[in-house]
Amino acid sequence: MKIATWNINSVRRRSALLEHWLQATQPDIVCLQELKATEAEFPFDACERAGYGAAVVGQKTWNGVAVLTRDAEPRVVRRTLPGDAKDKQARYLEVAHAGVLVASLYLPNGNPQPGPKFDYKLAWFERLLRHAQSLLQTGEPIVLAGDYNVVPTDRDIYDTRSWLDDALLQPESRDAYARLLAQGWTDALRHKHPKDFGLYTFWDYKRNRWPRDAGLRIDHMLVSAPLRPKLRAASVHKPMRGVEGASDHAPVWLEIAV
DNA sequence: ATGTCGAGCAAAGCTCGA
């Protein structure tokens, strides 16, 4: 079984690209982030042509997450991250499919820091930590996939110099991610490539960063203990960053033995 | 500070967010 996650950076701008990519790669489950669209604006038709059903948590202009399932309608488990009923940002969606619980999450960017946006990021992270702990305690096969907006270590970035003040590299952000892993989650991509440098998922549009391969690893797939021994492969679909009209993120995928 | 995208507002170039 193949599961993928992709920060698509506007699902309307890239609906044709999404359709072609689905047809070419055929993952069983796909998590999308940064739809920049409401549910009404979501290209259900393009997904359907590629053979996918879709569940969408959308919002006008910003954020937005979705989960697509091949040859099936997704069974939605929850549409919000628990812990703050006043938080209306579309950043979390949980679906059950083929015996796996899959979450598509879009953690707040947090820039500029310090400031209210960074505070929101850290508060969202604490909510995720609490919910992830309760999910782990079920003992079920679970994948938490998405754009975490965290560069876990200096191995996950080309060079830290121009990013030292960025919210993605702050010690508080990295500490929260480390505490999440310490609960018992496995970072699938890093687990399969423990020593690799150049394992990136995001290349900023600015400053010629894609041609220079000046990337960051911020899109992660965390799997629960029952899935860890079943992990066959995990990788980045890097060519998708180089196509005409690309998102600034490449898809990440993993394969589980069934 | 810079750089490049995408969306929104509204009719063109700005602002915001990333």
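Reminder, nothing fancy here: chain letters follow the sequence lines and each chain counts from 1.
With 3.5 Å as the limit, one finds no donor-acceptor pair spanning the side chains of A/Tyr148 and A/Asp187. A/Arg209 and A/Tyr158 form a side-chain donor-acceptor contact under 3.5 Å, judged by distance and modelled atom types alone.
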Heteroatom pairs (N/O) under 3.5 angstrom, protein to nucleotides 5-7 of chain B:
| residue | atom | partner | partner atom | Å |
| --- | --- | --- | --- | --- |
| B/dG6 | OP1 | A/Arg13 | NE | 2.9 |
| B/dG6 | OP1 | A/Arg14 | NH1 | 3.3 |
| B/dG6 | O3' | A/Ser10 | OG | 3.3 |
| B/dA7 | OP1 | A/Ser10 | OG | 2.3 |

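The CD atom of A/Glu34 sits 18 Å away from the P atom of B/dC16 (whole-angstrom rounding). One atom, CG of A/Leu168, and another, P of B/dA18, lie 11 Å apart when rounded to the nearest Å. If you take NE2 of A/His249 and P of B/dA18, they are 11 Å apart, rounded to a whole angstrom. Here the P atom of nucleotide B/dA18 and the CG atom of A/Asp204 are 13 Å apart, to the nearest Å. What separates NZ of A/Lys206 from C1' of B/dA1 is a distance of 12 Å, to the nearest Å. The distance from atom OH of A/Tyr106 to atom C1' of B/dA18 is 6 Å, rounded to the nearest whole Å. Put simply, CG on A/Asp248 is 17 Å from P on B/dG17, counting in whole angstrom units. To the nearest angstrom, P of B/dT4 lies 9 Å from CG of A/Asn208.
Nearer the 5' end of DNA chain B, as judged by each residue's closest nucleotide, is the contact made by A/Ser162, out of A/Ser162 and A/Gln89.
Here, B/dA12 and B/dA7 have their C1' atoms 15 Å apart, quoted to the whole Å. With C1' as the reference atom, B/dT15 and B/dA10 are 13 Å apart, rounded to whole Å. Between the P atoms of B/dG3 and B/dG8, the separation comes to 25 Å (whole Å).
Within a 6.0 Å sphere centred on CG of A/Asp165, other residues, nucleotides and ligands contribute 12 heavy atoms or fewer. Heavy atoms from other residues, nucleotides or ligands lying under 6.0 Å from CZ of A/Arg75 number 12 at most.
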Please output the side-chain donor-acceptor pairs of residues 226-234 of chain A that fall under 3.5 Å, not counting sequence neighbours, one pair per line with the distance.
| residue | atom | partner | partner atom | Å |
| --- | --- | --- | --- | --- |
| A/Arg228 | NH1 | A/Thr186 | OG1 | 2.8 |

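Pairs engaging residues 76-116 of chain A under the ring-ring contact (aromatic ring centres under 6.0 Å, His included) rule: A/Tyr92-A/His131 [sequence neighbours left out].
Shortest non-hydrogen contact noted between A/Val76 and A/Ala55 is CG2-CB, 3.6 Å.
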